[in-house]
Amino acid sequence: MAILLGLVVGLVLGLTGAGGSIIAVPLLMWALDWSLVQAAPVALIAVAVSASFGTLFAWDVAVIRYKAALIMSAASLLTAPLGLLAAEQLPLTLLSLVFSGVLLIVALRLWQQTRHAPEETRVVRAALRNDADLAGDAICRLNPATGRFIWTQRCAMTVSACGAVTGFLAGLLGVGGGFVIVPGLRSI
């Protein structure tokens, strides 16, 4: 059963770039009757391995933003222990309710994104072209010559904040990577 669950989670992660732990944790809790505390670390390890494999597989066909990834990682390393400390202090029932609330927020955000997908696509394309009239208030702009971020203080702070929230949620609930990072990067 665990192998089948891993295949489902890997497929969703590969298709969307998001949702690994947030799907794996409830699946492990439901299918294997594990607690949140048991499911979270297993889900995080499985998703980390899957994400690493996906990165290696996409090495030649995708633009990998190393600097953004390193900044996010550093920020998440600082806040993940705070999430772990908070998780130790909170009762399991409350953690499960918070996890359910996070699932609800993710579901609502995904539903809203599907309603605004054509407009967001236009804005993302404008940001890639560095078209200020269409890109609006893009937090991070790309250098059209290199395809890399033009790093400003606002861009660096936003990327750092995204990593910090991800780290805290990963420590608290064992989730947070894809469903925080992917929408966060889409919004900058």
Could I get the full list of side-chain contact (heavy atoms from CB on, under 4.5 Å) partners for [X], not counting sequence neighbours?
{"X": "Trp30", "answer": "Leu27"}
{"X": "Ala161", "answer": "none"}
{"X": "Ala74", "answer": "none"}
{"X": "Ala80", "answer": "none"}

Spacing of [atom1] belonging to [X] relative to [atom2] belonging to [Y], to within rounding of 0.5 Å:
{"X": "Phe149", "Y": "Lys67", "atom1": "CZ", "atom2": "NZ", "result": "11.0 Å"}
{"X": "Ile139", "Y": "Met157", "atom1": "CD1", "atom2": "CE", "result": "12.0 Å"}
{"X": "Phe168", "Y": "Leu84", "atom1": "CZ", "atom2": "CG", "result": "9.5 Å"}
{"X": "Arg141", "Y": "Arg154", "atom1": "CZ", "atom2": "CZ", "result": "9.0 Å"}
{"X": "Glu88", "Y": "Leu172", "atom1": "CD", "atom2": "CG", "result": "11.0 Å"}
{"X": "Ile71", "Y": "Cys162", "atom1": "CD1", "atom2": "SG", "result": "11.5 Å"}

### Query
Which residues pass the ring-ring contact (aromatic ring centres under 6.0 Å, His included) test with Trp34, sequence neighbours left out?
none
Minimum heavy-atom distance [X]-[Y], with the two atoms named:
{"X": "Cys140", "Y": "Val159", "value": "SG-CG2, 4.4 Å"}
{"X": "Ala75", "Y": "Ser160", "value": "CB-O, 3.2 Å"}
{"X": "Ala145", "Y": "Asn143", "value": "N-OD1, 2.8 Å"}
{"X": "Gly163", "Y": "Ser76", "value": "O-CB, 3.1 Å"}

Indicate, with yes or no, if [Y] and [X] share a hydrophobic cluster defined by side-chain heavy-atom contacts under 4.5 Å among Ile, Leu, Val, Met, Phe, Trp and Tyr.
{"X": "Val165", "Y": "Leu82", "result": "yes"}
{"X": "Leu173", "Y": "Leu77", "result": "no"}
{"X": "Leu70", "Y": "Met72", "result": "no"}

### Query
In the hydrophobic clustering (ILVMFWY, side-chain contacts below 4.5 Å, transitive), which residues join Leu104, or is it alone?
Leu108
### Query
Is it true that a side-chain atom of Gln38 and a backbone atom of Ser35 form a donor plus acceptor pair closer than 3.5 Å?
yes
### Message
Would the distance check show the side chain of Thr152 and the main-chain N or O of Cys155 forming a donor-acceptor pair, the cut-off being under 3.5 Å?
### Response
yes
Please list every donor-acceptor pair under 3.5 Å in which a side-chain atom of residues 90-99 meets a protein atom from a residue at least two apart or in another chain.
| residue | atom | partner | partner atom | Å |
| --- | --- | --- | --- | --- |
| Ser96 | OG | Leu92 | O | 3.1 |

